[in-house]
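Working notes, structure below.
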Protein chains: 2
Amino acid sequence: MGEIADPARKSIGARRNLDSAEAILEAAEAVLIEAGYAGFSIEAVARRARAGKPTIYRWWPSKAALLLEVYQRQKRVDLPDTGSLQEDLVGFLINLFTHWRQTSSGSVFKSLIAEAQSDETAAAALAGYAGGRRTHTGQIIERAKARGEIAGDIDPGVVADLVASYAWRHLLINRLDEPEATIRKMVRYLLQGIEAPGR
Amino acid sequence: MGEIADPARKSIGARRNLDSAEAILEAAEAVLIEAGYAGFSIEAVARRARAGKPTIYRWWPSKAALLLEVYQRQKRVDLPDTGSLQEDLVGFLINLFTHWRQTSSGSVFKSLIAEAQSDETAAAALAGYAGGRRTHTGQIIERAKARGEIAGDIDPGVVADLVASYAWRHLLINRLDEPEATIRKMVRYLLQGIEAPGR
DNA sequence: TCTCCATCGGAACGAAACGTTTCGTTGAAT
DNA sequence: ATTCAACGAAACGTTTCGTTCCGATGGAGA
């Protein structure tokens, strides 16, 4: 298994071979799924894609760049819009965890985080993505604020940061199978606080 | 710079040379600080420690094991005990971020998380540590619960998970310089919730 | 039509780090 | 005095990296 059936693709001469680029990206994703980040080498990707290593290095300057493009190709998880912040957050997290578990995007994202610890390009990309205002969590919270569901002096960025942090850590320590009840508890604490009443 | 002045240590013969073990652990920490996780190789550690590679492999089966021991040697950050959960949490996070920035422990912990993505030993160690009940955050929250400061039906594990997640993500995306005001906001949201009043 | 030339897959390269083996030396235990 | 485990050092074969060649392919422009 794991071998590609068709022979090497035709070269198209003076233009970039989009078939090769596609095959390389698909192979990179497949290698990540089958062998994990530990087995993710440029050589393995080239073999899997029936491509030459120089072809990969011509278009992606580093392993991090290839990882980043594989990550960006992932289809994003749906944004729930139930009109309730609590249901939106719980639904989003469950969708996200399921998506991360059932597709390769969890592996890809984990690998990107790992790569960012030794590659400046990946680190910059990750920081830029994490700090952006258009994250899914950020949108859910901004919508709730527009509905007046959360207090006016709440900083949506800080809340989004907290929710994203929860998701990241569960991805990194392989706890994506958290029961819905636990996720629901976490969201409830965030919405209603944890202080004892009467304080 | 970076060279060690003294000549090779004396061998002690038939017993484990604790001086060598100490020199290797110190060298591992130094290499991690000076060259980062990217430059952290067993060979570099052996050179820095004036030790032989077999000596390292004799006592640490993998790079992850060495990283783990370096991490465990780190002195832990103080646990504030002000009698106020809010002050304890803010103080702990500020202490932790400062400690991570000013010592090597931030680099070591980041490297351990990265290594856990490709090494099963590191992954197990990390999951065990993260899931343990005796984390610092967990202790702060358990104490607050004993004081009756938080509601009785609150699950301390979930709260600790949330706070630790916030710290992890800020470490991983190099945002340990978060202003105290932001950290204070986050803790306030967690304690008091974010819902608009009157709901 | 014909020549140019960027791109292709493939083979090979040097450098670096891996993990292992072998060597001669050291010094505590017997 | 002898034994023996651990030491530092050096060398080994392997893997992956990133690069450099090569012949072949096929679109673009003369």
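Numbers restart at 1 for each chain; the letters A, B, ... are given by sequence-line order, proteins then strands.
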Sidechain-backbone polar pair: B:His170 side chain, B:Leu176 backbone, donor-acceptor under 3.5 Å: no
Presence of A:Ser20 side-chain N/O under 4.0 Å of C:dC8 phosphate oxygens OP1/OP2: no
Minimum heavy-atom distance B:Tyr129-B:Thr135, with the two atoms named: O-CG2, 3.9 Å
Atom-to-atom span, CD1 of A:Ile24 to P of C:dG9 - whole angstrom: 6 Å
When you compare the protein's N or O atoms with those of nucleotides 16-19 of chain C, which come within less than 3.5 Å of each other, and at what distance?
from   : atom 1 : to      : atom 2 : distance (Å)
C:dC18 : OP1    : B:Ile42 : N      : 3.0
C:dC18 : OP2    : B:Ile42 : N      : 3.0
C:dC18 : OP2    : B:Glu43 : N      : 3.0
C:dG19 : OP2    : B:Tyr57 : OH     : 2.0
C:dG19 : O5'    : B:Tyr57 : OH     : 3.4
C:dG19 : N7     : B:Lys53 : NZ     : 3.0
C:dG19 : O6     : B:Lys53 : NZ     : 2.8

Side-chain N,O (B:Arg50) to OP1/OP2 (D:dG8) below 4.0 Å: no
Check: B:Ser107/B:Glu29 side-chain N/O donor and acceptor closer than 3.5 Å: no
Interatomic distance, B:Ile56 CD1 vs D:dG8 P [rounded to whole Å]: 9 Å
Residue pair B:Ser84 / B:Thr82, side-chain donor-acceptor N/O under 3.5 Å: no
A:Glu115 side chain vs A:Ala122 backbone, donor-acceptor pair below 3.5 Å: no
Worked verdict on A:Trp60 versus A:Leu67 for side chain to side chain contact (heavy atoms under 4.5 Å, CB included): CA-CA 9 Å; A:Trp60 294 276; A:Leu67 261 178; over 6 Å; no
Side-chain N or O of B:Trp59 closer than 4.0 Å to phosphate OP1/OP2 of D:dC7: yes
Euclidean distance, atom CG of residue A:Leu66 to atom C1' of D:dC17 [Å, nearest integer]: 14 Å
Nucleotide nearest B:Pro54 when distance is taken to its side chain, options C:dA11, C:dT21, D:dC7: C:dT21
Rounded distance in Å - CZ (B:Arg48) to P (D:dG8): 16 Å
